[in-house]
Amino acid sequence: MVDLPDRQSAFIDWYLAVVEAAELTDKRYGVKGLNVWTPYGFLARRNLDAVMVREIEATGSKPVEFPTLIPANEFAKEKEHIKGFDAEVYWVTKGGVSDLDVPLVLRPTSETAIYPVFAIWVRSHKDLPLNVYQIVNVFRYETKTTRPFLRIREIHFFEEHTCQATEDDATARVRSNLEAFRRMAEAFVLPYVATRRPDWDKFPGAFYSIAFDTPIGGARTLQIGSVHHYRENFAGPYGIQYEAPDGSQRLVHQTTFGLSERLLGAIIAVHGDSKGVVFPSSIAPYEVVIVPIPHAEAGPAILRAAEEVDEALRRAGRRVHLDAREDRPGAKYYYWELRGVPLRLEIGRRESESRTATAVDRLGHRGRVSFDTAGADVTERLREFDRALAERAMAGFRDAFSVAQALSELAGSDHVRILSWCGREECGHQVENAIAGALLGVPEDGLPWEAGAPGPCVACGETQGVRWALAGRPI
RNA sequence: GGGACUGUGGGGUAGCUUGGUCCAUCCUUCGGGGUUCGGGACUCCGAGACGCCAGUUCAAAUCUGGCCAGUCCCA
């Protein structure tokens, strides 16, 4: 019997309660920002990773894994980068009882671990492009309040690192990553907006950064991924160069693409409701749960029927769980709704006799699944569920944005704001002060909805070179 | 970096102001038995906690100090 806080009025309390109640994480480890991956949460994470792997490998990226520890001298090579991460790295300074000659950094991200090796791997233009990714844990000494999946100190991190021959090639790789993320987000059923971050908020060492944000719990935004164009900024310090066809030595242009289990947090936050988690079928640890409904005389036949459907779905490749516990059916319904299972099949006396299970999806839509065509029927119902979930999420997404005509409209806003910005840093900071948040940047592929032409800059009134930008309060 | 606050079974809590009535309350959870089972069952029996270390005191969940863990606010 779990009573969740109200999602509307106490969003973050709802979120914290739901991730614990649904047994997605255990935060009782005793060290701030380090949480335990429980079996159910781990299964969800594995499905998340599978989508990322599938989509990035479809673009020709190959898996690698670099060491966790980075020598201090390599870490310090790119000046902006070290400055950006200085305050949040963990240091390893001892080996056993002796001090290390060269202190080691626990990677907060892996540029500085990977690039010295890239300098060895890349010799010729024929080695390019070099597109590799890894899914590893990175560490950041977060000083703010930590929250499961959203802000943590040991991060489950997807990072692609690439080397391209030219700036244009790198720009093309950025576009390719944006497209790959679009396909991932489709699988996660996550609406988002991609913006080019203002210069003062780009990744340390980047030429520019494009980040993906999704609105959460009303006025807040959650960054769920980013793609960076480094130009030659890292290639120079790390000496990553190649011999061009004309015999000249040239620096590579690099890009990176980063994602994390924040996506899991976003999925929970965006889709969840008063009953708990709602997983899209791609991420759900179990896509289908079968609940037998006991009956005094028909009991054994009902259980046999449930096992038959369980087996059929398993053979059809579905992630299915038969819940044969002694509890009452109603208790099981609540239990699995809390845990976000997309589809529930009820099998009692009626279903057993008609060889047709009652199907109820997590959004409450009812239907039927024939024992004899269970695989195809369930596939169809899950597709329909994902479609309905996407519709619901998209409606919430559109409602989360509104246009602000003036700085004075930003304070206390309960929306992510769309506003006109001349592009000057001074004006950007005025916007950030007014909204007590961040100027997310200029949308890369259009606004969440059509807003016509921008007006004068909300800060200075300038009318030349003004563009739509988004501002919000990052969670 | 500065400030405020909190810590009681697995989870949530009462008790703390004014030390003794507390081998610590209630809900939930967990183990076992029985009756049940189409939306959170009932019942019987049982299990489980004062963050850690010192101090004050005849007596500490309660007061004091340090530590650890966590939360919030400000820069």
Side-chain angles (χ1 to χ4, degrees), chain A residues 1-6 9-36 38-41 83 86-89 141-148 150-154 200 217 220 273-277 289-306 309 322-341 343-369 412 429 432-433 436-438 473-475:
Chain A
M1 314 232 169
V2 180
D3 278 324
L4 298 172
D6 182 61
S9 59
F11 181 80
I12 197 65
D13 294 332
W14 169 85
Y15 176 84
L16 293 172
V18 92
V19 295
E20 272 198 281
E23 293 182 297
L24 289 164
T25 187
D26 196 326
K27 61 175 189 184
R28 296 171 298 183
Y29 184 68
V31 181
K32 179 183 167 76
L34 305 187
N35 300 327
V36 175
T38 55
Y40 197 65
K83 221 189 315 175
D86 205 23
E88 52 185 72
V89 293
Y141 185 75
E142 183 60 63
T143 54
K144 289 189 192 153
T145 301
T146 57
R147 312 213 178 275
L150 299 181
R151 187 180 294 123
I152 52 212
R153 286 175 161 179
E154 180 173 4
W200 63 89
R220 314 306 294 264
D273 58 23
S274 59
K275 290 177 173 175
V277 176
V289 62
I290 300 171
V291 178
I293 295 159
H295 184 269
E297 297 102 60
I302 288 166
L303 197 58
R304 275 199 304 278
V309 174
L322 169 58
D323 187 353
R325 291 176 300 169
E326 289 294 316
D327 288 324
R328 295 161 71 89
K332 295 181 186 179
Y333 298 165
Y334 282 98
Y335 182 90
W336 292 111
E337 280 164 355
L338 172 61
R339 285 162 179 75
V341 175
L343 190 65
R344 172 177 83 232
L345 298 183
E346 303 172 8
I347 298 179
R349 192 170 57 87
R350 293 199 295 270
E351 288 80 2
S352 166
E353 283 167 3
S354 64
R355 294 186 57 76
T356 305
T358 299
V360 184
D361 76 20
R362 182 58 178 77
L363 297 177
H365 304 123
R366 303 181 77 86
R368 298 180 179 289
V369 166
H429 288 318
E432 296 191 326
N433 285 335
R473 295 192 300 128
I475 201 162

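From a predicted model like this one, the values you see are computed outputs, not experimental measurements. Here is how names work: the chains are called A, B, and so on, in the same order as the sequence lines, proteins then strands, and each is numbered from 1.
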Between the protein and nucleotides 4-8 of chain B, which nitrogen or oxygen pairs come in under 3.5 angstrom?
none

- prompt: With both distances under 3.5 Å as the test, what is the Watson-Crick or G-U wobble partner of U25(B)?
  reply: none
query: Using purine N1 to pyrimidine N3 plus N6-O4 or O6-N4 for Watson-Crick, or N1-O2 and O6-N3 for G-U wobble, both under 3.5 Å, which nucleotide pairs with U57(B)?
result: none
- request: Rounded off to whole Å, could you give me the CD1-to-C1' distance for the I293(A) and U36(B) pair?
  value: 15 Å
- line: Per atom distances to the R344(A) side chain, the nearest of C37(B), G39(B), G40(B) is G39(B)
- request: May I ask which nucleotide in the shown strands pairs with G19(B), Watson-Crick or G-U wobble, both distances under 3.5 Å?
  value: none
message: Taking the P atom in each of U17(B) and G7(B), what is the distance between them to the nearest angstrom?
response: 13 Å
message: Could you tell me the Watson-Crick or G-U partner of C42(B), where both distances fall under 3.5 Å? Say none if there is no partner.
response: G34(B)
- request: For A69(B) and G51(B), measure between their P atoms and round to the nearest Å.
  value: 16 Å
message: Roughly how many Å apart are U28(B) and C73(B), using the P atom of each and rounding to a whole number?
response: 33 Å
At a cut-off of 3.5 Å, list every protein nitrogen or oxygen paired with a nitrogen or oxygen from nucleotides 66-75 of chain B, distance to 0.1 Å.
{"residue": "A69(B)", "atom": "O3'", "partner": "G30(A)", "partner atom": "O", "Å": "3.3"}
{"residue": "G70(B)", "atom": "OP1", "partner": "K32(A)", "partner atom": "N", "Å": "2.0"}
{"residue": "C72(B)", "atom": "OP1", "partner": "R147(A)", "partner atom": "NH2", "Å": "2.7"}
{"residue": "C72(B)", "atom": "OP2", "partner": "T145(A)", "partner atom": "OG1", "Å": "2.1"}

message: If the condition is ring-ring contact (aromatic ring centres under 6.0 Å, His included), which residues does W336(A) pass it with, not counting sequence neighbours?
response: Y286(A), H321(A)
- prompt: With R344(A), which residues qualify under salt bridge (Lys or Arg N to Asp or Glu O under 4.0 Å), at least two apart?
  reply: E337(A), E346(A)
- prompt: Would you say the side chain of V18(A) lies within less than 4.5 Å of the side chain of V277(A), judging by non-hydrogen atoms?
  reply: yes
task: Kindly write out the residues that satisfy salt bridge (Lys or Arg N to Asp or Glu O under 4.0 Å) with R28(A), not counting sequence neighbours, or none if the list is empty.
output: D26(A)
Residues that E20(A) engages under salt bridge (Lys or Arg N to Asp or Glu O under 4.0 Å), provided they are two or more places apart: K27(A)
- prompt: Among all residues two or more places apart in sequence or in another chain, which pass the ring-ring contact (aromatic ring centres under 6.0 Å, His included) test with Y40(A)?
  reply: none
query: In whole Å, what is the span from the OH atom of Y333(A) to the C1' atom of G39(B)?
result: 7 Å
- request: Provide the distance between the two P atoms, one in U71(B) and one in G32(B), to the nearest whole Å.
  value: 36 Å
- prompt: For E142(A), what residues pass the salt bridge (Lys or Arg N to Asp or Glu O under 4.0 Å) criterion, not counting sequence neighbours?
  reply: none
- request: Classify the ring geometry between F11(A) and W14(A) as parallel (under 30°), tilted (30 to 60°) or perpendicular (over 60°).
  value: tilted
message: Going by the rule side-chain hydrogen bond (donor to acceptor under 3.5 Å, both in side chains), which residues pair with D273(A) if we only count those two or more places apart in sequence or in a different chain?
response: R362(A)
field: Whole-Å gap separating P (G40(B)) and CG (D323(A))
entry: 16 Å
message: Work out how far the P atom of G11(B) is from that of U36(B), and round it to whole angstrom.
response: 36 Å
message: Between U8(B) and A60(B), how many Å separate the two C1' atoms, rounded to a whole number?
response: 14 Å
- prompt: If you look at every strand shown and take non-hydrogen atoms under 4.0 Å, does E337(A) touch a base, only sugar-phosphate, or nothing?
  reply: base
- prompt: Which residues pass the ring-ring contact (aromatic ring centres under 6.0 Å, His included) test with H365(A), sequence neighbours left out?
  reply: none
message: Taking side-chain hydrogen bond (donor to acceptor under 3.5 Å, both in side chains) as the definition, give me every residue that meets it alongside R355(A), ordered by chain and number, with sequence neighbours left out.
response: E308(A), D372(A)
query: Which whole number of Å gives the distance between the C1' atom of C63(B) and that of U56(B)?
result: 8 Å
Filtered N/O pairs between nucleotides 10-13 of chain B and protein, under 3.5 Å:
{"residue": "G10(B)", "atom": "O3'", "partner": "R28(A)", "partner atom": "NH1", "Å": "2.9"}
{"residue": "G10(B)", "atom": "O2'", "partner": "R28(A)", "partner atom": "NH1", "Å": "2.5"}

- prompt: To the nearest Å, how far apart are L338(A) CG and U28(B) P?
  reply: 17 Å
statement: From CD of E346(A) across to C1' of G39(B) the rounded distance in Å is 9 Å
field: Aromatic stack Y334(A)/G40(B): centroid gap under 5.5 Å, interplanar angle under 30°
entry: yes
task: Measure from CG on L4(A) to C1' on G40(B) and round the result to the nearest Å.
output: 13 Å
query: Could you state the NZ-C1' distance from K332(A) to G40(B), rounded to the nearest angstrom?
result: 13 Å
Side-chain donor or acceptor of T146(A) paired with backbone N/O of I152(A) under 3.5 Å: no
- prompt: Paired with G1(B) by Watson-Crick or G-U wobble geometry, both distances under 3.5 Å: which nucleotide is it?
  reply: C74(B)
query: Of the nucleotides G40(B), U36(B), G38(B), which has the atom closest to the A331(A) side chain?
result: G40(B)
query: Using atom P of each nucleotide, how far apart are G31(B) and U62(B) to the nearest Å?
result: 33 Å
- prompt: If pairing requires Watson-Crick or G-U wobble contacts with both distances under 3.5 Å, which nucleotide is the partner of G51(B)?
  reply: C67(B)
message: For T145(A), is there any backbone N or O sitting under 3.5 Å from a side-chain donor or acceptor partner on R151(A)?
response: yes
query: Would you say T356(A)'s side chain and E351(A)'s backbone share a donor-acceptor pair under 3.5 angstrom?
result: no
message: From OH of Y335(A) over to C1' of A41(B), roughly how many Å is that when rounded to an integer?
response: 19 Å
